[in-house]
2 protein chains.
Amino acid sequence: MRLGELSEASGISAASIKFYLRSGLLEAGDAIHPTRAAYGIRHVRRLRLIQGLRASIGLGLEDIRRIIDASAGADASAEQRLALLATVQSVVLGYRGDGVRESAAVDDLVQVMGWADEESGARAAVGEHLAVMEAAGVVTDPAVLASYARAADAIAEAQLAVTDVQESIEEFILTAAIGMHLHNQLILALVALAQASHSIRRYGAR
Amino acid sequence: MRLGELSEASGISAASIKFYLRSGLLEAGDAIHPTRAAYGIRHVRRLRLIQGLRASIGLGLEDIRRIIDASAGADASAEQRLALLATVQSVVLGYRGDGVRESAAVDDLVQVMGWADEESGARAAVGEHLAVMEAAGVVTDPAVLASYARAADAIAEAQLAVTDVQESIEEFILTAAIGMHLHNQLILALVALAQASHSIRRYGAR
DNA sequence: GTTGTTAGGATAGTTCTACTATCTCGTGAT
DNA sequence: ATCACGAGATAGTAGAACTATCCTAACAAC
């Protein structure tokens, strides 16, 4: 496959493909000779991944690069894919893993939910987030937190189910990232709906 | 207060304030004479709102303008503020209110949750979102959906509690928008944590 | 009353992101 | 022989959100 054909196969303009090549998001094709290179199915898959992460989730190229870099050494094993999933999550959620903060609220939550009691980036993120919310004066009573946790548990389970499906690593990432994003958006829509209902309950018709 | 003082009071550069004035995000001060204008506390509040929506939530100026426009005619009454809250929500969640789709799943959900059975933008959004997820091949079984709904209900309740606090309309918007955003981020962080736990449970230490 | 620093208003320039277009050169196919 | 096409490099574009510059008027100090 030459660049023009790759462009047709992926639906991405040749100019953009060149741009991705320059940016290092797409590896160069096998150079047949100085002015000709051959591209394969992995290039098409990579382009679909880039395009999907951009169009469906709105990730920037820097974030996409982070995910691609993490996927570089991963094989099809469950452990590797889960590690990759963690990376995807941290990118989609925008964590940059700065400070680790202890939190009694998080400890309680982990206990109550029966989650594995282990130090992780996610745990630090939750603790940090609660601190930010407290600082911002946003109330989070334990009952609400528990409710969130149950929803989160359900989402996590749904995500892990997807993990078992055997696909190319690119399809795996895309499925996981889009699933994550859609679940998130769904929750937000439900909150809006719940809020509309509560408003009507409280104050009659809007 | 003159422009320079407004800049100092708000911590926003005079050049940016001028930009906001040109953009129509900030109303002009009272013109004392051709080359001098006076600004008041409402200008400071408006700037804080703009800055807060941008810095804390990452909203674009167009979105901020939508919220500000909606707040223009609102008084301090509960009904007005709830309507305003709905606008803030639609902007933060990125709804543009296109097509209304009927959905049996949403009807069931509303029934089960005991939510007010009324047509709303949010209800259409949920239905539409479920359709998108189905189209994308993302699984959403009823149990997961119910779990989300309970979490959403809790969030909605927490948000409404904030509604009762009497503040300036700008502070009200900022509190609501930031609260909304933080609750959302919190859920995402919890999902990450839950997923990490499930991974550990399933595959041992990472 | 003159001079000089500053406010206000308008216009143009900058930075960042993600491309897109152009230009050149070397081939390979006709 | 020629001619279009691929590869590489460089420059241009568009939108968003500022930022800098310029000009004029006027208040403030001397």
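Values below: every heavy atom of this structure, side chains too, minus hydrogens, waters and symmetry copies. Chain letters run A, B, ... following the sequence lines, proteins first, then strands; residues in each count from 1. Note that the coordinates shown come from a computational prediction; the quantities given were computed from them, not determined experimentally.
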Exercise. Quick one: does Ser7(B)'s side chain have a donor or acceptor within less than 3.5 Å of a partner on Ile12(B)'s backbone?
Worked result: yes
Exercise. In whole Å, what is the span from the CE atom of Met1(A) to the C1' atom of dG6(D)?
Worked result: 16 Å
Exercise. Hey, are Arg42(B) and Glu27(B) close enough for a salt bridge, meaning a charged N less than 4.0 Å from a carboxylate O?
Worked result: yes
For this session: Rounded off to whole Å, could you give me the OH-to-P distance for the Tyr20(A) and dG8(D) pair?
Result: 18 Å
Exercise. Side chains of Met1(B) and Val44(B): does their closest heavy-atom pair fall under 4.5 Å?
Worked result: yes
For this session: Assess whether one donor atom and one acceptor atom, taken from the side chain of Arg22(A) and the base of dT20(C), lie less than 3.5 Å apart.
Result: yes
Exercise. Side chains of Ser13(B) and Ser16(B): donor-acceptor distance under 3.5 Å anywhere?
Worked result: yes
Exercise. What's the CG-C1' distance between Leu59(B) and dA16(D), to the nearest Å?
Worked result: 14 Å
Problem set entry | Distance under 6.0 Å and angle within 45° of ring axis: Arg2(A) vs Tyr39(A) | no
Seminar exercise, completed: Residues of residues 37-55 of chain B with a heavy atom under 4.0 Å from any atom of DNA chain C, listed by number, are Ala37(B)
Problem set entry | Between P of dG8(D) and CG of Leu26(A), the distance in whole Å | 12 Å
Exercise. Could you state the interatomic distance from CZ (Arg48(A)) to CD1 (Ile41(A)), rounded to the nearest 0.5 Å?
Worked result: 6.0 Å
For this session: Taking His129(B) for its side chain and Leu182(A) for its backbone only, find out whether a donor-acceptor pair lies under 3.5 Å.
Result: yes
Seminar exercise, completed: Per the under-4.0 Å heavy-atom filter, residues of residues 3-19 of chain B near DNA chain D come out as Ser13(B), Ala15(B), Ser16(B), Phe19(B)
Problem set entry | Terminal axes of the helix from dG1(C)-dC30(D) to dT30(C)-dA1(D) (five pairs each): angle between them, nearest 10 degrees | 30°
Exercise. For Gln80(A), does the CD atom sit with more than 12 other heavy atoms under 6.0 Å from it, leaving out its own atoms?
Worked result: yes
For this session: Answer yes when Arg54(A) and Asp63(A) have at least one side-chain N-carboxylate O distance shorter than 4.0 Å, and no when they do not.
Result: no
For this session: Check whether any side-chain N or O of Ser147(A) sits under 3.5 Å from a backbone N or O of Ala143(A) as a donor-acceptor pair, and report yes or no.
Result: no
Exercise. When the distance from CG of Leu21(B) to P of dC18(D) is rounded to whole Å, what number comes out?
Worked result: 13 Å
Problem set entry | Residue pair Leu47(A) / Ser10(A): nearest heavy atoms and the distance that separates them | CD1-OG, 3.5 Å
